[in-house]
Amino acid sequence: MDIDYGPLTKLIGTWKGDKGTDIAPDPDEEKEVNAFYETIVYTGIGTVTNAEEQTLAAVHYVLNVNRIGDNAPIHHQTGYWMWDKENDEVTFSLAIPRAVCVVASGKAVENEQSTSLEVTTDISGVVQTEFMSKKAKTTSFTKSLKITGDTLHYFETTMVDIYGKSFEHTDENTLNRVK
Ligand code: HEM
């Protein structure tokens, strides 16, 4: 059976990009800035039904980020993009090995040229360990992703309470479809 992934259809595939900029918290300097390269693999995994009422078409992703220069792995992430056709809502989830998970929802906007996905959550969509809650607490997450042809651009903001202040941890990259 053909699955209708709606606005998530264009994600499916493998993307690579080396124009990434990460602005991360740093205990000594005001911030840490990393240029990075990244691979994201999006895979359509079918539909799920919830409480016999809601149907979600789901695309699983896994991504790897390495710093340009020393090639150090600085970020690994997995999760899903999900589309609720009936309510025209998209939901994004992420899990990272700092022991933080996020679920954020929003809207897709499509036209002939591009597809945009916009999701956000406050702390109600964040699950984190007690350590992270005390020391490096994620308090909100917002992501904007736009696909135009075979180019994908995203910008995301993670607010983190760390080192005695609220820090705007941002990540941005432009990737090209490689398959
Ligand atoms: C491309 C995406 C991302 C990259 C490249 C990235 C990279 C980094 C880096 C380099 C640090 C500093 C680590 C250190 O100096 O110890 C950091 C800190 C942190 N990141 Fe990210 N990050 C990304 C996305 C995220 C997301 C989506 C979240 C959660 C929603 C997140 C949560 C955190 C937290 C809580 C910290 C503070 C931990 C600490 O510095 O001790 N990051 N990130």
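Atoms considered below: every heavy atom in the structure, side chains included; atoms not considered: hydrogens, waters and symmetry mates. Counting starts at 1 for both ligands and their atoms, in listed order.
- Partners of His75 by ring-ring contact (aromatic ring centres under 6.0 Å, His included), not counting sequence neighbours: none found.
- Within the listing of ligand 1, atoms 35 (C) sit less than 4.0 angstrom from a heavy atom of Ala136.
- The distance from ligand 1 to the heavy atoms of Val65 drops below 4.0 Å at these ligand atoms: 1 (C), 5 (C).
- Nearest to atom 39 (C) of ligand 1 among the protein's heavy atoms is Ile162 CD1, 3.8 Å.
- The residue Leu63 has no part lying near ligand 1, judged by heavy-atom distances below 4.0 Å.
- Screening Trp15, Tyr80, Phe92 for a side chain to side chain contact (heavy atoms under 4.5 Å, CB included) with Tyr61, the sole residue that qualifies is Phe92.
- In this structure, the side chain of His169 engages the main chain of Ile23 through a donor-acceptor pair within 3.5 Å.
- Below 4.0 Å from some heavy atom of Glu156 lie the following atoms of ligand 1, by number and element: 2 (C), 24 (C), 27 (C).
- Scanning the protein for heavy atoms near atom 15 (O) of ligand 1, the closest one is Glu32 OE1, 3.3 Å.
- Remark: Asp70 pairs with Arg67 by the salt bridge (charged side-chain N to carboxylate O under 4.0 Å, His left out) rule, at least two apart or across chains.
- The closest approach between a heavy atom of Gln128 and any atom of ligand 1 is not below 4.0 Å.
- Here the CG atom belonging to Leu175 is positioned 10.0 Å from the NZ atom belonging to Lys16, to the nearest 0.5 angstrom.
- Side chain of Asp84 to backbone of Glu86: a donor-acceptor contact under 3.5 angstrom is found.
- Using modelled atom types, one finds no donor on one side chain facing an acceptor on the other under 3.5 Å when comparing Lys146 with Ser116.
- Checked options Val119, Thr91, Leu56, Ile12; the residue passing with Trp81 is Val119 (criterion: side chain to side chain contact (heavy atoms under 4.5 Å, CB included)).
- Inclusion of Tyr154 in the set of residues having an N or O under 3.5 Å from an N or O of ligand 1 is not warranted.
- Distance remark: protein heavy atom present below 4.0 angstrom from atom 20 (N) of ligand 1.
- A donor atom on one side chain and an acceptor atom on the other are not found under 3.5 Å apart for Thr148 and Ser114.
- Here is the list of ligand 1 atoms found below 4.0 Å of a heavy atom in Met132: 35 (C).
- The distance cut-off of 2.8 Å around atom 21 (Fe) of ligand 1 captures these protein N, O or S atoms, sorted by chain and number: His169 NE2.
- Checked by atom type, the side-chain pair Asn64/Glu38 shows no donor-acceptor distance below 3.5 Å.
- Residues in residues 156-168 take part in these side-chain hydrogen bond (donor to acceptor under 3.5 Å, both in side chains) pairs, two or more places apart or across chains: Lys143-Glu156.
- Of all atoms in ligand 1, listed by their number and element, those nearer than 4.0 Å to a heavy atom of Asn34 are 10 (C).
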